[in-house]
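Right, one structure below, let's go through it.
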Amino acid sequence: MPELPEVETYVRELAPILHGRQVTGAQLLWPRTIAAPSAPEFAHQIVGERFAAFGRRGKYMLLGFESGVTLMVHLRMTGHLLVEATPAPIARHTHVVLDLDDGSRLLYQDSRKFGRLWLVPDAEPVLRGLGPEPLSGDFTVAGLAAKVAGRTARVKALLLDQSIVAGVGNIYADEALFRARLHPTRAGGDLSITELADLHQAIRDVLVDGIARFGSSLGRSGLQNYVRPGGERGGFQEEHRVFRRTGEPCLLCGTPIERIVLAQRSTHFCPNCQK
DNA sequence: ATAAGGCCCTGACCGC
DNA sequence: TGCGGTCAGGGCCTTA
């Protein structure tokens, strides 16, 4: 599932392809994909816009146009954004088609239809409520401590809360907790400052490592929740130490990795290493 | 204010 | 082979 490293990879790889391209047409095959403005307004307003700026905030892709408006994309579970150099028949699960001025097309595909697109003059209202960007200086141990102080919710649930820290999802939450040697059911407010410092560092480390490997491409078999814009798989799944390794030996101590359900999310951990 | 549960969706997978 | 049921899960909404 696309989390911060996957979205970052998308932005980095789409930027050189899209920069300077102008949108010449728009088709909305599943209008509910558009979160704002209304679907007809979106289709009308985006035509003529020229891509000029590329960014990311949490799991939101921010594709800025010369005019100042921003196309925001949240892939949620199974969203894909890809550029097709030479138009082919519209593939299944394609919900948005943007024709570009060089004859290529930007496609939004999403089998589960959870992902959303916005076209907004200002991204800030959509992003309001997001916690600090974990790889920036805004994310501090003191800030993390303040956010979890007094919280009885489990630390795993708090890591999934985008107002605590932006961009962490189920994969990187489990991997960060393993690296910090913290049991996922620990109450957030019970963590010592030392444990929070370890967790803070682990979150940063796991995200940096994920970006370096172009994200995690999962798929119980053929289904790929995430592939890079050009279709290649990421490589970080090969470095997962706990995520979807249920029953396999812990890489540190050999104890079988356990799976439990927390906050409606599967959670993987080493019962020996994580206290 | 916080915590927990439902909902949106559909492909994959399982048991019969 | 076909069919129905279950699972996965990010963010938003409702409920307690």
Side-chain angles (χ1 to χ4, degrees), chain A residues 1-8 10 28-36 39 56-62 72-81 91-96 108-118 120 123 125-131 133-134 144-177 184-191 203 207 210 215-227 237 240 242-247 259-268:
Chain A
M1 43 230 99
E3 305 179 22
L4 187 153
E6 290 76 25
V7 177
E8 181 68 24
Y10 257 101
L28 305 179
L29 287 71
W30 178 260
R32 285 163 63 181
T33 296
I34 308 303
R56 178 194 56 72
R57 177 80 170 90
K59 302 176 196 171
Y60 290 83
M61 234 180 288
L62 307 175
M72 304 176 67
V73 182
H74 197 304
L75 301 169
R76 294 278 179 92
M77 296 297 301
T78 51
H80 297 273
L81 207 53
R92 201 173 174 203
H93 305 310
T94 301
H95 306 316
V96 178
Y108 179 73
Q109 304 175 334
D110 188 349
S111 64
R112 285 192 191 148
K113 300 178 175 173
F114 282 1
R116 291 294 179 265
L117 275 61
W118 295 252
V120 291
V126 179
L127 302 174
R128 183 174 297 157
L130 285 186
E133 197 57 36
L144 179 62
K147 293 231 181 200
V148 304
R151 299 289 297 265
T152 59
R154 292 147 172 167
V155 61
K156 167 70 183 278
L158 294 177
L159 287 181
L160 297 178
D161 181 340
Q162 300 300 296
S163 71
I164 304 283
V165 57
V168 175
N170 210 31
I171 298 171
Y172 295 91
D174 281 6
E175 293 296 319
L177 288 168
T185 61
R186 293 279 303 278
D190 287 348
L191 299 176
I203 291 167
L207 294 174
S216 302
S217 289
L218 296 168
R220 293 210 300 258
S221 53
L223 177 71
Q224 292 295 322
N225 285 336
Y226 158 79
V227 291
Q237 68 281 356
H240 290 175
V242 289
F243 192 78
R244 293 202 181 162
R245 293 194 64 243
T246 310
R259 176 186 180 276
I260 57 176
V261 176
L262 284 186
Q264 273 96 272
R265 302 291 178 264
S266 60
T267 298
H268 314 76

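These numbers come from the heavy atoms of this one structure, side chains and all, not from hydrogens, waters or symmetry mates. Residue numbers begin at 1 in each chain, while the letters A, B, ... track the order of the sequences.
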- Message: Does Glu3(A) reach a base, just sugar-phosphate, or nothing at all? Heavy atoms under 4.0 Å.
- Response: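 Result for Glu3(A) = nothing.
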
- Item | Sugar-phosphate only, base, or nothing, as touched by Arg154(A) at under 4.0 Å among non-hydrogen atoms | nothing

- Message: Counting distance alone, no hydrogens or angles: does the base of dA8(C) have a donor or acceptor under 3.5 Å from a partner atom on the side chain of Arg112(A)?
- Response: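 Counting by modelled atom types and ignoring angles, a donor-acceptor contact under 3.5 Å is found here.
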
- Message: With a 3.5 Å cut-off and heavy atoms only, can you find an N or O donor on one side and an acceptor on the other between the side chain of Arg116(A) and the base of dG11(C)?
- Response: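 There is none.
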
How close or far is atom [atom2] of [N] from atom [atom1] of [X], stated in whole angstroms?
X	N	atom1	atom2	value
Lys147(A)	dA3(B)	NZ	P	14 Å
Met61(A)	dG11(C)	CE	P	13 Å
Arg128(A)	dG11(C)	CZ	P	18 Å
Trp118(A)	dG10(C)	CH2	C1'	11 Å
His95(A)	dT10(B)	NE2	C1'	10 Å
Arg265(A)	dC12(C)	CZ	P	12 Å
Asp161(A)	dA3(B)	CG	P	9 Å
Leu4(A)	dG10(C)	CG	C1'	14 Å

Candidate nucleotides [options], ranked by approach to the side chain of [X] - the nearest:
X	options	result
Arg259(A)	dA3(B), dG9(C), dA8(C)	dA8(C)
Arg92(A)	dG11(B), dG9(C), dG11(C)	dG11(B)
Gln264(A)	dT2(B), dA8(C), dG5(B)	dG5(B)
Ser111(A)	dG11(B), dA3(B), dG10(C)	dG11(B)
Phe114(A)	dC8(B), dG11(C), dA8(C)	dC8(B)

Taking only side-chain nitrogens and oxygens of [X], does any of them come within less than 4.0 Å of OP1 or OP2 of [N]?
X	N	result
Arg76(A)	dG9(C)	no
Thr152(A)	dT2(B)	no
Arg244(A)	dG9(C)	yes
Lys59(A)	dG10(C)	no
Gln162(A)	dG11(C)	yes
His74(A)	dG11(C)	yes

- Message: Let me spell it out: for each of Ala157(A) and Asp110(A), pick the nucleotide of DNA chain B with the closest heavy atom. Which residue's pick is nearer the 5' end?
- Response: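 Counting from the 5' end, the first nearest nucleotide belongs to Ala157(A).
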
Please confirm whether the backbone N or O of [Y] pairs with a side-chain atom of [X], one donor and one acceptor, at under 3.5 Å?
X	Y	result
Gln162(A)	Gly129(A)	no
Arg56(A)	Gly58(A)	yes
Asp174(A)	Phe243(A)	no

- Are the side chains of His95(A) and Leu117(A) in touch, meaning some heavy atoms are under 4.5 Å apart?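 No. Closest side-chain heavy atoms not under 4.5 Å.
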
- Message: Taking side chain to side chain contact (heavy atoms under 4.5 Å, CB included) as the criterion, tell me which of Leu159(A), Leu207(A), Leu160(A), Leu4(A) meets it with Tyr172(A).
- Response: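 Of the listed residues Leu159(A), Leu207(A), Leu160(A), Leu4(A), the side chain to side chain contact (heavy atoms under 4.5 Å, CB included) partner of Tyr172(A) is Leu207(A).
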
- Could you walk me through whether Leu191(A) and Val148(A) pass side chain to side chain contact (heavy atoms under 4.5 Å, CB included), step by step? CA-CA 9 Å; Leu191(A) 299 176; Val148(A) 304; 5.5 Å; no

